[in-house]
Structure formats: C-alpha cells, structure tokens
Amino acid sequence: MKKNILFITLLITGIVSAQTYDFEADSIQIRKIYTEALTKGKSYDWLNYLSNQIGARLAGSEGDKKAVAWGKAELEKLGLDKVWLQEVTVPHWVRGEKEEAHIITQYGNFNVDVCALGSSIATPNEGITAEVIEVQSLEEVEKLGEKVKGKIVFYNRPMPAEKIETMQAYGASVDQRYSGARVAGKYGAVAVIVRSMNLKIDNYPHTGTMSYGDNKENEKIPAAAISTNGAELLNRMLKESDKIDIKFFLKQHCKNLPDTVSYNVIGEIKGREFPNEIMVVGGHLDSWDLGDGSHDDGAGIVQSMEVLRMFKNLGIRPRRTLRVVLFANEENGLGGGKGYAAEAQKKNEKHIVALESDAGGFTPRGFGFTCNDKNFEQAVAWKNLFEPYNIHIFRRGGGGADINPLKKDDNVMIGLRPDSQRYFDYHHTAADTFEAVNKRELELGAATMASIIYLFDKYGIK
Ligand SMILES: [Zn+2]
C-alpha cells in the first residue's frame with residue numbers, strides 16, 4: 001500500500017518514470033540514514049573536539065597540524081578500507097598581536113574593531129595615521145587615481161540586503177576585501193580598511209583572504225576589515241567632515257612566513273562493483289584564526305566524516321568508491337583542492353560525483369548541482385524522497401571551492417545548501433564557535449549529504 005501511494009505521488013508530480021528507480025527501497029534507506037544521524041550521530045561530538053580541543057587551524061599553524069592528525073586518527077577508527085594523507089604546499093600567514101584602530105578627532109579618539117585581512121602585510125610598528133577617503137567600489141578608486149595618495153582608503157559598500165541568498169550578497173561585495181588593497185596600493189594609498197562582509201550591524205570584524213596581485217613591493221599596503229558598527233560610525237563622521245577633523249589610526253602586526261606544508265586527509269571505502277568510479281564528500285579542515293571555525297568549515301568536515309561512518313554503521317556497501325576528503329588550506333590559497341585534483345588527474349582517477357559542505361552547519365534546505373541536463377533531471381527525479389525532511393532546493397549551480405577543480409563535462413558537482421540567513425553573522429569572525437552550531441541542524445545536514453550520495457552511488461551518473 002505504502003509503495004503504491006509513493007508510486008502514485010511520484011507519477012502525479014510527473015517528474016519521473018517510476019520504473020527507473022526503486023523508490024520504496026530508497027525511501028526506507030533514507031529514513032534509516034536520517035534516524036542514524038539524529039539518534040546515533042557522531043558529527044556533534046567530533047565538532048566539539050575539533051572546535052574546543054583543537055580550535056582555530058589556519059594553514060601552517062599548530063592547530064592545522066593537530067587537526068590533520070586528529071582527522072586521520074578518527075577516520076582510522078571507522079574501519080575504512082584506506083586512510084592516507086596527501087601533502088600540499090600552503091602559505092603561512094600569522095596575525096601576531098591584536099590589531100588596534102581608532103578614529104582621531106579634535107573631540108577625542110573613538111576605538112573601532114578591526115582585524116587584519118589574511119595575507120596582508122603589517123603596518124610599521126608605530127602604526128599608520130592618515131586621512132581617510134571613503135569609496136564604494138574598486139572602480140571609484142581607479143577614477144580617483146592619485147587623489148588617494150597618502151590616504152587610507154575606506155571601502156564601505158555594504159552587502160546588498162535585498163539579495164535573498166546571502167552567498168550572492170557576499171559575492172557582490174567581496175571584491176573590496178580581496179582586491180581593495182591591490183587597487184588602492186597602485187595609486188599610493190597607505191592602507192585600506194574594508195567594511196566587514198556582514199549583513200548585521202555589530203562589532204565583529206570579518207577577516208578573509210586578500211591579494212596584492214602583481215603589485216610592486218612599494219605598492220603593497222596594509223589591509224584590515226572594520227566591523228559594520230565601526231564602518232557606520234566612520235561613515236557618519238566623514239559626512240560631518242566640515243565640522244570634524246578626522247584621521248584614522250591603524251596598527252597591525254601580521255606577517256607572511258615562508259610557505260610550508262599541510263595535508264589533505266583522505267579516507268576511502270572501495271566500491272564493490274565499480275571501484276574506479278569515485279565519489280567524494282568533503283569540506284575544508286583549515287579555518288580562520290579568530291574563532292574556532294565551527295561553521296566554516298568544522299561543520300562540513302564532521303558532516304562529511306559522518307557520511308562514511310553511517311555507510312559503515314548501516315551496512316551500506318557502496319557500489320562505487322566513496323571517499324571523504326578533509327581539504328587543506330581553502331581559506332587562503334585553495335592548496336588542498338588544487339592539489340587533490342592535480343593528483344587525481346595524474347593518476348587518471350575518474351571522479352563521477354563530488355559533494356561539498358561549506359556553507360555553515362545550518363538547517364539543510366537542499367542542493368545546488370553543476371552538471372549536464374541528464375544528471376540534473378535525475379537528481380530532480382529524487383526530490384520527493386527528500387520531501388519528508390523539508391529538503392526542497394534542487395537548483396542548478398553549486399559545488400564548492402575545494403571540489404570545483406574536479407569539474408569535468410560529464411561529472412556532477414554538488415554543494416549542500418543550508419539556510420544561509422545567519423551564515424554571515426559568524427563567517428570569518430571570533431563569533432564562529434561551537435556554541436553557534438545547533439546539533440540537530442548539523443545532523444540533518446549530514447543525513448542529507450549521505451542520502452544524495454546513497455542515490456548517486458546506487459544509480460550512478462548519466
Ligand atoms: Zn569555508
């Protein structure tokens with residue numbers, strides 16, 4: 001009876017010719033996966049350890065080394081067929097002492113919260129004091145040209161609030177953080193401060209990577225993020241600049257050390273029928289240094305590990321080879337993702353599916369797929385299986401920074417799509433801590449990942 005109801009429902013929705021898939025068996029298996037994740041899941045305990053015992057783990061740091069050793073040891077406990085490390089070269093940037101910044105006026109100094117951007121150089125020991133010029137875009141600096149000389153350029157274009165997907169709002173603003181110093185440095189600015197990538201008004205500065213491109217040594221200038229509260233204050237004061245004399249003081253101590261090594265941590269269950277068809281689930285093991293990287297991307301790490309743990313525990317022997325990859329160095333160089341794809345290419349490995357979780361450990365809503373029409377249609381045909389779990393986004397476009405180098409014409413890249421509304425409350429800040437992750441939401445994400453992997457494993461790609 002149950003079978004008939006499901007069959008009829010799926011036929012009515014008209015999205016599938018029912019004979020292709022065994023929906024009854026699949027819905028039972030997916031139910032087991034969700035039950036396992038929610039009642040016997042390990043993801044939250046793992047995250048507790050990674051966040052609270054290891055903590056921040058920027059590439060090259062002690063935390064990064066500890067996280068690699070921990071990831072390997074935990075995967076070894078799962079009884080996988082193989083666990084190994086893959087060495088990759090990574091940059092080694094350190095923040096040093098906490099940054100200082102204030103707005104200087106004739107009425108006194110006003111402290112604001114700032115943090116150095118990853119890869120930035122330091123200020124001189126005594127700091128930098130200069131006039132501020134506020135801009136909305138890189139183009140505006142290009143137009144101003146030499147007028148920014150000797151000044152601190154303040155990029156203050158907010159993330160566009162009207163965008164529903166906060167990742168898109170981020171994408172619309174982050175050029176200021178990534179390239180702001182490169183552009184302003186060419187015209188002789190002495191530093192840049194960038195409005196934090198945050199939709200909320202609060203005191204957390206948001207770090208993140210930046211690049212000097214091919215600027216000459218003397219065109220490299222210190223770059224910092226300022227909290228949205230700080231940015232609003234500075235903006236208000238600059239509007240009164242006929243009455244207030246404003247200068248800005250910035251001091252930061254960060255340093256670029258010589259490149260070092262880190263590792264992708266990889267575990268594998270060999271496929272019983274098609275061992276040469278590889279499916280990857282992963283996230284990135286490194287994190288920024290201000291918080292403990294629980295959402296970004298501790299959540300994706302433990303969810304990916306949980307996928308393989310559940311396959312083992314539920315006795316699902318995959319038809320295809322299933323790998324978990326804890327990628328190194330996503331945040332400031334993508335060394336892990338690039339290194340993994342290069343090795344795969346060299347060994348002529350065939351990756352048919354890769355799924356990444358790197359959008360926070362929030363309630364899962366669905367997936368984004370980058371693939372051909374046939375594979376997308378196949379995924380959409382499975383949509384009703386996810387309906388009981390409130391998973392409804394099956395959209396084109398998606399993947400992840402670590403897995404994108406694996407993209408080929410005929411394979412499938414998938415990004416887990418959690419609810420994104422609160423992600424930028426935490427992203428790259430001191431607020432990204434274990435307490436900010438909800439156990440149940442994290443576990444639902446792991447189950448959602450395992451379920452789509454179960455289906456691709458069973459039916460393959462088109
Ligand atoms: Zn991330």
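Computed from heavy atoms alone, side chains included, the values below leave out hydrogens, waters and symmetry copies. Start at 1 and go down the list; that is how both ligands and their atoms are numbered.
- Side-chain contact between Trp288 and Asp432 is absent, with no heavy atoms from C-beta onward closer than 4.5 Å.
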Going by atom type alone, with no hydrogens or angles, which donor-acceptor pairs under 3.5 Å involve a side-chain atom of residues 78-89 and a protein atom two or more places apart or on another chain?
{"from": "Asp81", "atom 1": "OD2", "to": "Lys270", "atom 2": "N", "distance (Å)": "2.6"}
{"from": "Gln86", "atom 1": "OE1", "to": "Asn264", "atom 2": "ND2", "distance (Å)": "2.8"}

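- Among residues two or more places apart in sequence or in another chain, the side-chain hydrogen bond (donor to acceptor under 3.5 Å, both in side chains) test is passed with Asn390 by none.
- A distance-only check finds a donor-acceptor pair linking the side chain of Asn329 to the backbone of Gly335 [under 3.5 Å].
- The Zn ion (ligand 1) does not have Glu330 among its coordinating residues (no N/O/S atom, backbone or side chain, under 2.8 Å).
- With a cut-off of 2.8 Å, the Zn ion (ligand 1) has an N, O or S atom of Asp296 in range.
- The name of the N, O or S atom in Asp358 nearest to the Zn ion (ligand 1) is OD1.
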